[in-house]
2 protein chains.
Amino acid sequence: MSDKRRTQNEVAEGADRRVRVDVQRNLDALLQAAKAVFATSGVDAPVREIAEKAGVGVGTVYRHFPRRSDLVAAVFRREIDACAAAAPLLAASYEPGEALLKWIERYVAFIATKRGLAEALHSGDPVFEPLPLYFQQNLEPALGQLLRAAATAGEIRGDVDAGDLLNAIARLSGADQAQRMVALLVDGLRYGKKASSGLR
Amino acid sequence: MSDKRRTQNEVAEGADRRVRVDVQRNLDALLQAAKAVFATSGVDAPVREIAEKAGVGVGTVYRHFPRRSDLVAAVFRREIDACAAAAPLLAASYEPGEALLKWIERYVAFIATKRGLAEALHSGDPVFEPLPLYFQQNLEPALGQLLRAAATAGEIRGDVDAGDLLNAIARLSGADQAQRMVALLVDGLRYGKKASSGLR
DNA sequence: TTGAAAAACGGAACAATGTTCCGTATTTGT
DNA sequence: ACAAATACGGAACATTGTTCCGTTTTTCAA
């Protein structure tokens with residue numbers, strides 16, 4: 001290794017070396033192909049299918065994403081971010097209760113388009129652990145804000161955990177009657193200020 | 001044991017031939033092994049593992065259960081039946097609201113012990129189609145009865161479909177916070193007599 | 001009791017998939 | 001233009017569902 005001093009490019013960050021152009025190209029193609037395939041065949045689609053659609057070998061897929069789930073996570077990250085970003089926007093445009101409802105609606109729509117994602121999140125397979133983590137780290141604060149605002153406004157009870165709700169909705173989504181079931185869950189939010197189901 | 005004529009055993013049904021003893025033995029061993037393995041490793045456990053535990057070859061497993069899911073279904077059928085049978089018993093021993101709550105509790109406990117079952121039910125994999133069918137055909141009437149009784153008694157709203165609720169609970173079960181989420185759902189049952197979430 | 005036909009058995013073999021490995025091709029910095 | 005570094009593609013391996021078939025066990029009746 002001759003010394004590789006990157007002269008002026010030596011940014012603070014560990015920017016070891018400029019990313020090779022082919023890497024960037026393949027990564028883009030991969031993410032795009034994966035997004036398309038996931039939408040079509042669900043998140044359980046074979047890696048080979050994605051690799052082929054992207055015009056790369058499976059080796060390339062695995063170099064960028066050591067685990068299948070890493071690819072899934074990468075593909076969804078940006079959509080998750082967008083969903084999280086929507087929260088403050090809605091909060092600024094509607095009253096607390098309405099904003100909460102609208103955000104949940106958006107969240108449901110997002111989850112619904114990802115066949116198999118709900119299962120993956122809950123599969124228990126250690127390989128999917130990072131995914132729900134990212135989900136919650138990004139979505140929980142967003143929902144938490146809306147939840148708190150709505151509770152303060154007295155529109156819903158105040159003892160509901162954002163993470164719980166996020167998880168519950170994700171599980172309910174995907175079913176034919178998802179809308180109805182989520183609605184029921186939301187009604188539960190308004191039931192009262194104190195626990196009361198007897199199942200606690 | 002010479003005289004083998006089926007004499008009085010000759011039931012009307014096309015009892016072509018008495019089931020071979022080894023068949024019965026293997027079938028029992030299989031169901032028992034499967035039940036144990038499912039409880040330990042979840043319903044996704046490899047068929048080979050079950051076959052080995054039962055002391056039979058995989059060929060035997062597939063002769064009795066053409067699809068993996070058929071075995072899963074067989075193992076749960078009796079438990080499902082028991083769960084369904086509990087409904088009228090509870091209805092006879094408690095007031096409508098209480099009976100409903102207790103039955104849901106039992107249902108949750110049952111689902112909880114079957115790691116992966118909720119996912120299987122919803123997997124979309126055509127191979128699991130018969131399972132949810134059996135579930136609903138047996139559990140829906142049971143829950144429906146309790147639901148109707150509770151609604152009549154004015155303890156919950158009357159527009160909740162038993163199938164929906166069954167499905168929703170199955171999806172929620174298995175999570176760490178399943179109890180809390182189901183409780184929230186149940187609270188939703190009491191919210192009012194009319195739709196009100198705005199998500200409908 | 002005995003022997004041949006029927007039924008079931010076990011497990012090797014096949015197919016689909018996730019993942020790893022490595023010889024080859026591409027890119028980069030000089 | 002060249003050599004080192006890096007990435008690439010896809011064959012090879014591991015795991016698991018499912019099928020196939022030669023062998024073993026059970027049944028039935030003479």
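These numbers come from the heavy atoms of this one structure, side chains and all, not from hydrogens, waters or symmetry mates.
- Listed pair A/Arg20 / D/dA5 fails the phosphate criterion, with no side-chain N or O lying under 4.0 Å from OP1 or OP2.
- Atom CG in A/Asn26 sits roughly 12 Å away from atom P in D/dG10 (whole-Å rounding).
- Whole-Å rounding puts the A/Phe65 CZ to C/dG18 C1' distance at 16 Å.
- With DNA chain D read from its 5' end, the first of the two nearest nucleotides for B/Ala45 and A/Gly55 is the one closest to A/Gly55.
- B/Thr60 has a side-chain polar atom (N or O) that falls below the 4.0 Å cut-off from OP1 or OP2 of C/dG10.
- The closest donor-acceptor contact from the side chain of B/Arg68 to the backbone of B/Val43 lies under 3.5 Å.
- Between the CZ atom of A/Arg67 and the C1' atom of C/dT17 there is a distance of 14 Å, rounded to whole Å.
- When rounded to the nearest whole Å, the span between CG of B/Asp44 and C1' of C/dT17 equals 15 Å.
- As rounded to whole Å, 14 Å separates atom C1' of D/dT16 from atom CD of B/Glu52.
- For the pair A/Leu30 CG and D/dA7 C1', the computed distance is 13 Å after rounding to whole Å.
- Ranking C/dG18, D/dT19, C/dC9 by closeness to the B/Arg63 side chain, first place goes to C/dC9.
- Between B/Phe76 and B/Phe110, the ring-plane angle classifies as perpendicular under the 30° and 60° cut-offs.
- Here the side chain of B/Arg106 pairs no donor or acceptor atom with the backbone of B/Ala87 at under 3.5 angstrom.
- A side-chain donor-acceptor contact under 3.5 Å links A/Trp103 to the backbone of A/Cys83.
- Across all strands, B/Val23 comes closer than 4.0 Å only to sugar-phosphate atoms, never to a base (heavy-atom distances).
- Contact annotation: B/Tyr62 side-chain N/O to D/dT18 OP1/OP2 distance is under 4.0 Å.
- Atom NZ of B/Lys102 and atom CD1 of B/Ile104 lie 12.5 Å apart (nearest 0.5 Å).
- Residue whose closest nucleotide on DNA chain C sits further toward the 5' end, between A/Arg25 and B/Asp22: B/Asp22.
- In this structure, B/Leu27 places its CG atom 14 Å from C1' of C/dA7, rounding to the nearest Å.
- When rounded to the nearest whole Å, the span between CZ of A/Arg48 and P of C/dT20 equals 13 Å.
- For the OP1/OP2 pair of D/dA7 and a distance below 4.0 Å, the side-chain nitrogens and oxygens of A/His64 include no atom meeting the criterion.
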